[in-house]
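Structure, as structure tokens:
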There are 2 protein chains.
Amino acid sequence: MELNERKLQILQAIVADFIYSAEPVGSRTISKKYDMGLSPATIRNEMSDLEEMGYLTHPHTSAGRVPSDKAYRLYVDKLMGSSELAEDRKALIEAQLQQDAAELDDTIEKAARILSDMTNLVSFAITPSGRDDTLKYINLLPVDERTIVLMIVSDDGQISNTAVKLSCGYTEENLQLMSKVMTHNFKGKSVNDILTMNIIDSLKTDLSAMEGLTGDVVPSFLQTLEKMLDVDLYMDGYTNILSMPEYSDVSKAKSFLDTLKAKEHFTEVLVNRDNGLIITIGDENSELKDCSLITADYRVNGKLVGKLGVIGPTRMKYAEIASVIQYITDNLSKTFEITGDMTDDREHQ
Amino acid sequence: MELNERKLQILQAIVADFIYSAEPVGSRTISKKYDMGLSPATIRNEMSDLEEMGYLTHPHTSAGRVPSDKAYRLYVDKLMGSSELAEDRKALIEAQLQQDAAELDDTIEKAARILSDMTNLVSFAITPSGRDDTLKYINLLPVDERTIVLMIVSDDGQISNTAVKLSCGYTEENLQLMSKVMTHNFKGKSVNDILTMNIIDSLKTDLSAMEGLTGDVVPSFLQTLEKMLDVDLYMDGYTNILSMPEYSDVSKAKSFLDTLKAKEHFTEVLVNRDNGLIITIGDENSELKDCSLITADYRVNGKLVGKLGVIGPTRMKYAEIASVIQYITDNLSKTFEITGDMTDDREHQ
DNA sequence: GTTAGCACTCTTTTGTTTTGAGTGCTAACA
DNA sequence: TGTTAGCACTCAAAACAAAAGAGTGCTAAC
């Protein structure tokens, strides 16, 4: 059977209607609301065909039609078109993102909040991983008799520091020498490389004169590097789903939210997701098969990549949401480019 | 009317039963389950009295009795006794808290998680404010041509640092001088004092020779101090309420969760709350009048005070929950005392 | 003072009927 | 041959009715 122009039109009408109403769509509705000069009976015939082709389903005999995942996919790819974001929304996004956009983390968090507010869905965002950051230099600084600070500066200007409690004393000279050796050894190497290669051993021979100090500093150094690998995950708008008919049943809502709460796993899903504006629908997802995800990446300094997106039932306003996400991520990338040489002006853990 | 021994016994039975069943308690139930040698009729008479006295209410004629806030208050004060935590739970708490208890923040977060898991309620915790921390010294360190790090060390060993992007160049001597002057001016002063008193002006005269540098550093300094004031709020176990009969209605659950999400306000409530094990019931709360809160404080280095607690419907297992909270906060305080001189071994923002 | 007995109340449960949205099929129409 | 009116049929949801059951309050007897 062929998917002719009329079938597409009808399918589009059904999907669009269902997205808004959350009710199975009947032939009368289509015939009346979207007047395409066809009687309900004709539309019924077409619907019957569309069902046979796998685009529609039927909760029960006397109910209207509901789009299948396949229909949503077609809708997203061919039918929905792209929706231009209203000017006032654009302005709102810009205003809110710009407003004290000092720290990356805070801004990302804010972006997620805006996103969930505008879409009424659960939003999430991950920060870029520092795994490919290369080190610029390492500095050890005295604090008090038994405490020093380990400071790691990376080439793109990010600074991480940790206080290190020493088990033995130290001299300023020791610190300086050690800073020098460490910088020499690790300059230009990426965080990931340092952690996977066993560069630490070489350090021990270079600094054999001060074993005690090395023994205290190295674990902190590694720990700090590990932390630079970490990707933070923010979520917002959890409660939005509680006003959606799909989750009017508390136990459904609970199991959905509990799944989302297993953050670690979710982070992984996002990290492995392609860049660009990505929409996955229903069973295209490895998990949460009755949900859709829309994500897009954002750039920091034109390079490091984080992601931002929403999750919700397959019945969602794809076009509208996609345009919101796209606009926010574009804006984020711009923000962290314009203020490019200001992005250092924040603390990194 | 007098609240005699028998009335108390009956009231206790009713409250205890209702806490577990969430169903209005009838006279038969009390007579059978808690055999105190009285017929349902007698108990009915007593119940009627208790209702008149304001301890019980009546959803409708043919329903059992439900405890009022007043009854819970009496129950908590006089009737419930104290429940000793089971040994395996104690062990579990200790094991989980001890396990890499490196950073205060992480540990607090973990404590909140344990708490919500054990109580099946929403838990929350606030970290101590740094408002009364006194400064030990301030250090400015070179990073690159246009960037320095501002490091603030407080007397109890906490370290905060921020990268400062400069609008002009600097020399090492400048930094050292400025570090010295700032340390001299602010050593021994509390964060709060520095922020309220206008000490900044004096700094400008002392360092008039390097206006540019001062102009860049002072805002960052203030900003960092502001941050030290901040109290972080963690919440966990949001979804627990979705399995409670009180919130089987999605819209009720949503409005409860939305109220909790207004974090800022909630933080304030907690900060202003008394120390010790505090239980507030129903309309004793200024907000969320159909909920109860149980909180306790924990100490860090024997001094700084954070708080940990749960929130849920007035029908909660007060004794059990109180003992869990008490045990966790005791343990937290102990953890951050034993490793007393190790608590510096973490980063502070 | 306690309790058995009983009428009464009111929610919950269960069953029944009605309604109405929507389909599928057939037959007529253009 | 495609379109449509008409109609029987289906099924969930709503409305209604009846029954069950939990529990009370009161009275009278112990």
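Reminder, nothing fancy here: chain letters follow the sequence lines and each chain counts from 1. Here the structure is a predicted model, which is why all the values come from computation and not from measurement.
Nucleotide dC9(D) has dG22(C) as its partner under the Watson-Crick or G-U criteria, with both atom distances under 3.5 Å. dT17(C): Watson-Crick or G-U partner is dA14(D), with both key distances under 3.5 Å. Remark: dA29(D) base-pairs with dT2(C). Criterion, Watson-Crick or G-U wobble with two distances under 3.5 Å.
The distance from atom CG of Asp49(B) to atom P of dT24(D) is 14 Å, rounded to the nearest whole Å. Residue Glu46(A) contributes atom CD, which lies 16 Å from atom C1' of dT23(C) at whole-angstrom precision. At whole-Å resolution of the value, NE2 in His60(B) and P in dT11(C) are 5 Å apart. Across the protein-nucleic acid pair, Leu56(B) atom CG and dG23(D) atom C1' stand 14 Å apart, rounded to whole Å. A straight line from CD of Glu52(A) to C1' of dT23(C) spans 15 Å, rounded to a whole angstrom. Whole-Å rounding puts the Ile43(B) CD1 to dT24(D) P distance at 10 Å. Taking atom CE of Met47(A) as the reference point, atom C1' of dC25(C) lies 17 Å away to the nearest angstrom. For the pair Asn45(A) CG and dG22(C) C1', the interatomic distance rounds to 14 Å; values are reported in whole Å.
Taking only side-chain atoms of Thr42(B), from C-beta outward, the nucleotide of dT3(C), dC11(D), dT4(D) with the closest atom is dT3(C). Of all nucleotides listed (dG25(D), dT4(D), dG22(C)), dT4(D) comes nearest to the side chain of Ala41(A). With dT2(C), dC10(C), dC26(D) as the choices, the nucleotide that has an atom nearest any side-chain atom of Arg44(B) turns out to be dC26(D). The side chain of Thr29(A) has dG22(C) as its nearest neighbour among dG22(C), dT24(D), dT4(D).
Within the structure, every side-chain polar atom (N or O) of Arg28(B) is placed at least 4.0 Å from both OP1 and OP2 of dG21(D). For Ser39(A) and dT4(D), the shortest distance from a side-chain N or O to OP1 or OP2 is below 4.0 Å. Within the structure, a side-chain polar atom (N or O) of Ser27(A) is placed less than 4.0 Å from OP1 or OP2 of dT23(C). Contact between the side-chain N/O atoms of Arg65(B) and the OP1/OP2 oxygens of dG25(D) is found at a separation under 4.0 Å.
Closest heavy-atom contact between Thr295(A) and Ile325(A): C-CG2, 4.4 Å.
Counting heavy atoms of neighbouring residues, nucleotides and ligands inside a 6.0 Å radius, atom NZ of Lys252(A) does not exceed 12 of them. For Lys289(A), the NZ atom sits in a packed shell: over 12 heavy atoms of surrounding residues, nucleotides or ligands are nearer than 6.0 Å. Enclosure of atom CZ in Arg28(B) is not indicated, since only 12 or fewer non-hydrogen atoms of other residues, nucleotides or ligands lie within 6.0 angstrom.
Between Lys261(B) and Leu257(B), every side-chain heavy-atom pair lies at or beyond the 4.5 Å cut-off.
Within the 4.0 angstrom heavy-atom criterion, only backbone atoms of the sugar-phosphate kind lie near Thr61(A); the bases stay farther away.
Under the 6.0 Å cut-off for aromatic ring centres, Tyr247(B) and Phe256(B) qualify, their centroids lying closer than that.
The residue among Arg6(A) and Ala63(B) whose nearest nucleotide of DNA chain D lies closer to the 5′ end is Arg6(A).
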